[in-house]
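All remarks here apply to the structure that follows.
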Amino acid sequence: MKLRQLDTSAADFEAGFARLKHWSAETDAEIESRVAEIIAAVRERGDAAVLDYTARFDGLRAARVAELEIGAAELHAAFESLEPARRNALAAAAQRVRSYHERQLEACGRSWQYRDADGSLLGQKVTPLDRVGIYVPGGKAAYPSSVLMNAIPARVAGVGEIVMVVPTPVRGDDGPQRNPLVLAAAHVAGVQRVFTIGGAQAVAALAWGTATIPQVDKITGPGNAYVAAAKRRVFGQVGIDMIAGPSEILVLADGTTPADWVAMDLFSQAEHDELAQSILLSPDAAYIAQVRAAIERLLPAMPRREVILASLEGRGALIRTRSMEEACEIANRIAPEHLEISSADPHRWEPLLRHAGAIFLGAYTSESLGDYCAGPNHVLPTSGTARFSSPLGVYDFVKRSSLIEVSAAGARTLGPIAAELAYGEGLQAHARAAELRFED
């Protein structure tokens, strides 16, 4: 296996590290051109364009877009059709995600106000979005966990209506494959409307609305390069959560966690995509060798071994550091999506970490628990954007309005200040509007 190994004490470390970090989020010109064409067609022709592209790309043909909508009864039936163990797991995961986001709402999603000494009222009014669209991938695999992570915080925030789009490509002679677990997750999460469409055409339809598909205020959820390009283009018409890149995991290890555990954690992200990135940082050279041996021993048994191998060889790395402190410094430079502190004392190192989408503390906290059922959201910033952005949460589904009520006494206090600054900017009407209220 050609798995890259680096050493921070080596003279060429910075050059190797720069190559490791390099990944461009830019889509190629052909994708951008195609997406622009699709969006323009949906804006102009609405349902007709959605039907055309759904037939062309997914092989799913319908006379009306209404035929591509899944009703609440079918969602409920999908939930009831699951075997008990899977149904219970889905419900338990949904409850944990809901509980976490309810606490988040208490912390950051409430309105507040106060009156200052002169009786003026100042505050903030927090209100939910009216309608959001969630995109759930459905091409190569099914992702019920994405339904929970996108829909539940929207419901907790109080969003009026959640519209879900999920592609259901026709495969051979079997017809469109509606995944029961995805539909059951929509039922559990409280999604009101579901359309079996995907791609850039689904994003455009949500952004501008059609005769059948309602226009939303914000679109969240992952997708392929076409979906990412479409979300980038519709931003401004609607809000979006983020432009997500390939999945990432960074493991800080002090050598106390079984090597097999860490190897499998690296696999857990590598199996997503050939462009996914899995990195191990450790000051223990012998431990790095153990992890490498575990990778080579465990990989042949993995069903997605070809994808894992391409990911590890293309973008993975095992990096020996001088210390755990230096490992933390490098982790901050990478700002990974998922950051595991696989250490006997993870709370010693957590204060040193500033940039990560999610931080997993201790050997027993596998990243996969965060993906499915721990509670915090698994929609996380990638490609170093954790330096300035946050996981998806309740705060993405509310907006804030400032509240200002100035008393007569407040007008006499604030008016001269505002007028002076307005005259300084050459805006006489602003100044006079303030002066009229204290001249009386």
Side-chain angles (χ1 to χ4, degrees), residues 1 3-10 13 17 20-21 96 100 103 247-271 276-299 301-302 308 311-312 315-378 380-381 384 386-387 391:
M1 176 186 292
L3 177 54
R4 180 187 290 108
Q5 284 198 221
L6 302 175
D7 191 320
T8 58
S9 62
F13 170 73
F17 184 66
L20 178 67
K21 285 183 63 182
R96 290 188 63 89
Y100 178 87
R103 288 177 179 266
S247 191
E248 307 157 349
I249 186 170
L250 179 65
V251 181
L252 303 182
D254 63 2
T256 59
T257 303
D260 284 18
W261 295 13
V262 170
M264 199 59 67
D265 287 351
L266 297 175
F267 288 176
S268 72
Q269 294 312 293
E271 73 176 346
Q277 185 164 65
S278 300
I279 297 174
L280 170 65
L281 295 173
S282 177
D284 188 333
Y287 182 72
I288 290 176
Q290 291 173 27
V291 172
R292 185 180 190 107
I295 288 172
E296 294 178 348
R297 175 168 42 82
L298 296 171
L299 181 59
M302 292 292 101
I308 295 172
S311 169
L312 293 178
R315 301 195 68 221
L318 307 176
I319 302 176
R320 182 188 179 186
T321 61
R322 296 178 180 89
S323 64
M324 283 293 285
E325 288 84 356
E326 185 183 44
C328 292
E329 292 174 9
I330 293 173
N332 285 326
R333 291 174 63 184
I334 294 173
E337 179 186 17
H338 307 98
L339 174 54
E340 287 188 3
I341 311 176
S342 204
S343 159
D345 186 10
H347 293 280
R348 176 182 175 185
W349 309 115
E350 183 270 327
L352 301 181
L353 298 166
R354 302 187 307 279
H355 308 308
I359 300 174
F360 300 79
L361 301 165
Y364 286 95
T365 314
S366 71
E367 181 278 333
S368 57
L369 299 182
D371 269 355
Y372 293 107
C373 58
N377 211 289
H378 80 191
L380 304 168
R387 294 176 294 109

Do Arg320 and Glu326 have side chains that approach each other closer than 4.5 Å (heavy atoms only, starting at C-beta)? no

Within a strict 4.5 Å, meaning less than it, do heavy atoms of the Leu252 and Cys328 side chains meet? yes

What I'd like to find out is whether the side chain of Ser343 reaches to under 4.5 Å of the side chain of Trp349, using heavy atoms alone. yes

Donor-acceptor check, side chain of Arg387 to backbone of Ala335, threshold 3.5 angstrom: yes or no? no

Hey, are the side chains of Met324 and Arg348 touching, using non-hydrogen atoms and a 4.5 Å cut-off? no

Run Ile319 and Leu20 through side-chain contact (heavy atoms from CB on, under 4.5 Å) and show every step you take. CA-CA 11 Å; Ile319 302 176; Leu20 178 67; 3.9 Å; yes

Salt-bridge test for Glu329 and Arg333: reply yes if a basic N is under 4.0 Å from a carboxylate O, no otherwise. no

For the atom pair NE2 (His338) and CD (Gln269), what is the distance rounded to the nearest 0.5 Å? 5.0 Å

For Ala276, does its backbone N or O pair with a side-chain atom of Arg315 as donor and acceptor, under 3.5 Å? no

Residues Arg103, Tyr100; criterion side-chain contact (heavy atoms from CB on, under 4.5 Å); working and verdict: CA-CA 5 Å; Arg103 288 177 179 266; Tyr100 178 87; 6.0 Å; no

Around atom CZ of Phe13, are there more than 12 heavy atoms of other residues, nucleotides or ligands at under 6.0 Å? yes

For Asp284 and Ser282, which I'm curious about, is there any donor-acceptor pair between the side chains at under 3.5 Å? no

Please lay out, stage by stage, how Ser247 and Glu337 fare under the test side chain to side chain donor-acceptor pair (under 3.5 Å). CA-CA 7 Å; Ser247 191; Glu337 179 186 17; 3.1 Å; yes

Which of Ser366, Ser278, Ser342 passes side-chain contact (heavy atoms from CB on, under 4.5 Å) with Val262? It is Ser342

Begin from the C-alpha positions of Glu367 and Asp265 and carry the test side-chain contact (heavy atoms from CB on, under 4.5 Å) through to its verdict. CA-CA 7 Å; Glu367 181 278 333; Asp265 287 351; 5.7 Å; no

Considering only heavy atoms from C-beta outward, does the side chain of Val251 approach that of Thr257 to under 4.5 Å? no

In the structure I gave you, are the side-chain heavy atoms of Tyr287 and Thr256 within less than 4.5 Å of one another anywhere? no

Within this structure, what is the CG-CG distance for the pair Leu380 and Leu339, rounded to the nearest 0.5 Å? 11.5 Å

Quick one: CD1 on Ile341 to CG on Leu281, what's the gap to the nearest 0.5 Å? 11.5 Å

Any chance you could measure Ile279, atom CD1, to Glu340, atom CD, to the nearest 0.5 Å? 13.0 Å

Could you grab the distance from atom OG of Ser268 to atom CG of Leu369, nearest 0.5 Å is fine? 10.0 Å

